[in-house]
Student: 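Here it is: the structure, laid out below.
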There are 2 protein chains.
Amino acid sequence: MVTKELSDLSDEADLRRADSLAREIFSDVANKWALLIIEALGERTLRFSELRDEVEGISHKMLTQNLRMMERNGLAERKVHPTVPPRVDYTLTEPGRALRATVDLLCGWTHEYFGHIESARRRFGT
Amino acid sequence: MVTKELSDLSDEADLRRADSLAREIFSDVANKWALLIIEALGERTLRFSELRDEVEGISHKMLTQNLRMMERNGLAERKVHPTVPPRVDYTLTEPGRALRATVDLLCGWTHEYFGHIESARRRFGT
DNA sequence: CCGTATCCACCCAGATACTG
DNA sequence: CAGTATCTGGGTGGATACGG
């Protein structure tokens, strides 16, 4: 790394930066569309339009926006085929696949506790 | 269950309802504040004000809002002590603790891939 | 201390239209 | 087909105030 002379002060600064970066990553990832896209991609590679069909209810805009975010964070790889009509494929990278494992767990949880939640809501009064 | 005579049609209807319910639960849970609150609660039981301090940056409003949601879905239990000043304790229920296990994994992921993400961003150009 | 209600500024997401 | 830009309404969350 660069410029690491005054260890005490810069260590604290590093911690703060790391913290804020961690929170930023968390915010990026902990949102419904991102997680649904990751789940949709799974092991496959899909084109933009296939993803659009796969992730029910997502708009063109939200899809591109989240795909950019995922590319930026190195979660997905974007491969452009210079054909006509154009074709763009998206695939999860290794970090993306690791993240998907946790998303799978979340989906599993939803399935497992579906009944609990339904009845909890009834007790609560919808 | 009630009113289940015409099996074919109501089965389809059930699937649709189950699906929309699943998506609703997913949306409830897949949001940054909910996940951070769950993580903050952990095994402990905390009062409202302690949670407020623990979950950095959350507003009074967002905290109550998410806690209500979690109570409604049976993820957390709310215990009011009729003292003065009032005191309200929150604890994760069993479903909530199960969910926390997946959140822990997500946090672990963030920590593990921190470096990957940082460098991916540099490659991308911030 | 905890909860709710009101107000309002801001952001976000959808719609639309246009490029390559 | 995929991506970008612009516009706009409605939702969202912060601030504030007040009640239990």
Side-chain angles (χ1 to χ4, degrees), chain A residues 20 23-38 40-41 44-73 75-92 124-126, chain B residues 20 23-38 40-41 44-73 75-92 124-126:
Chain A
S20 91
R23 306 193 99 243
E24 197 186 330
I25 294 170
F26 199 84
S27 304
D28 275 358
V29 154
N31 92 58
K32 126 182 158 162
W33 289 130
L35 296 183
L36 288 172
I37 292 171
I38 287 167
L41 270 175
R44 315 177 281 175
T45 119
L46 294 178
R47 356 182 3 174
F48 184 86
S49 48
E50 290 170 332
L51 267 174
R52 189 167 164 56
D53 297 341
E54 205 73 20
V55 181
E56 175 163 327
I58 197 170
S59 69
H60 188 108
K61 188 180 180 180
M62 282 300 95
L63 185 54
T64 33
Q65 210 165 91
N66 279 277
L67 285 171
R68 286 292 158 280
M69 179 275 285
M70 288 168 62
E71 197 191 353
R72 173 172 120 93
N73 289 326
L75 305 183
E77 196 190 359
R78 177 168 177 269
K79 186 159 221 166
V80 181
H81 302 268
T83 61
V84 41
R87 173 198 182 94
V88 183
D89 288 338
Y90 291 94
T91 319
L92 289 183
F124 196 80
T126 94
Chain B
S20 91
R23 305 192 101 243
E24 197 188 331
I25 295 169
F26 199 84
S27 305
D28 275 0
V29 154
N31 92 59
K32 125 182 157 160
W33 290 129
L35 296 184
L36 288 173
I37 292 171
I38 288 167
L41 269 175
R44 313 175 282 175
T45 119
L46 293 178
R47 0 185 359 178
F48 183 87
S49 48
E50 289 170 333
L51 268 173
R52 190 167 164 57
D53 297 341
E54 205 72 20
V55 180
E56 174 160 327
I58 198 170
S59 69
H60 188 105
K61 188 180 180 179
M62 283 300 94
L63 184 54
T64 34
Q65 210 164 93
N66 279 278
L67 285 171
R68 287 292 157 279
M69 179 275 284
M70 290 169 62
E71 197 191 353
R72 173 172 120 93
N73 289 326
L75 305 183
E77 196 191 358
R78 178 169 177 268
K79 187 162 222 165
V80 182
H81 302 268
T83 59
V84 40
R87 173 200 182 93
V88 182
D89 287 339
Y90 291 92
T91 319
L92 289 183
F124 195 82
T126 91

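Protein chains get the first letters and strands the later ones, always in sequence-line order, with residue 1 at the start of each.
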Student: Between B:Thr64 and A:Gln65, just flag the one whose closest nucleotide in DNA chain C comes earlier from the 5' side.
Tutor: B:Thr64
Student: Does some side-chain heavy atom of A:Ile58 sit less than 4.5 Å from a side-chain heavy atom of A:Ile37?
Tutor: yes
Student: Between B:Lys32 (NZ) and D:dG13 (P), how many Å, whole number?
Tutor: 10 Å
Student: So A:Arg52, base contact, sugar-phosphate only, or nothing? Heavy-atom distance under 4.0 Å.
Tutor: nothing
Student: Please check the phosphate of C:dC2 (OP1 and OP2 only) for any side-chain N or O of B:Tyr90 closer than 4.0 Å.
Tutor: no
Student: What is the distance, to the nearest angstrom, from the CD1 atom on A:Ile58 to the P atom on C:dA15?
Tutor: 13 Å
Student: Can you tell me if B:Ser49 touches the phosphate of C:dC2, counting only side-chain N or O atoms and a distance under 4.0 Å to OP1 or OP2?
Tutor: yes
Student: Provide, to the nearest angstrom, the distance between the CH2 atom belonging to B:Trp33 and the C1' atom belonging to D:dT12.
Tutor: 13 Å
Student: Should B:Leu92 and B:Met70 count as side-chain neighbours, where that means a heavy-atom distance under 4.5 Å?
Tutor: yes
Student: Consider the side chain of A:Met62, meaning its heavy atoms from C-beta on, and name the nucleotide among D:dG13, C:dC1, C:dA13 that approaches it most closely.
Tutor: C:dA13
Student: Has A:Arg78 got a side-chain N or O lying under 4.0 Å from the OP1 or OP2 atom of D:dG3?
Tutor: yes
Student: Between the base of C:dG14 and the side chain of A:His60, is there a donor and acceptor pair under 3.5 angstrom?
Tutor: no
Student: When you measure from the side chain of B:Asp53 to the backbone N and O of B:Glu50, does any donor-acceptor pair fall under 3.5 Å?
Tutor: no
Student: Could you tell me if the side chain of B:Phe48 sits less than 4.5 Å from the side chain of B:Thr64, heavy atoms only?
Tutor: yes
Student: Would you say a side-chain N or O of B:Arg68 is under 4.0 Å from OP1 or OP2 of C:dG3?
Tutor: yes
Student: In whole Å, I'd like the distance from the CG atom of A:Asn31 to the P atom of D:dT12.
Tutor: 14 Å
Student: Rounded to the nearest Å, what distance is computed from the CG atom of residue A:Leu67 to the C1' atom of nucleotide D:dG3?
Tutor: 11 Å
Student: Please report, rounded to the nearest Å, how far the C1' atom of C:dG3 is from the NE2 atom of B:His81.
Tutor: 16 Å
Student: Rounded to the nearest angstrom, tell me the gap between atom CZ in A:Arg87 and atom P in D:dG3.
Tutor: 13 Å
Student: Please tell me which of the listed nucleotides, D:dC1, C:dC1, D:dG3, lies nearest to the side chain of B:Arg47?
Tutor: C:dC1
Student: Please tell me which of the listed nucleotides, D:dA15, D:dA2, D:dG3, lies nearest to the side chain of B:Lys61?
Tutor: D:dA15
Student: Between B:Leu75 and B:Val29, is any pair of side-chain heavy atoms under 4.5 Å apart?
Tutor: yes
Student: How many Å lie between CG on A:Asn66 and P on D:dA2, as a whole number?
Tutor: 17 Å
Student: What nucleotide, of D:dG14, D:dG3, C:dG14, holds the atom closest to the side chain of B:Ser59?
Tutor: D:dG14
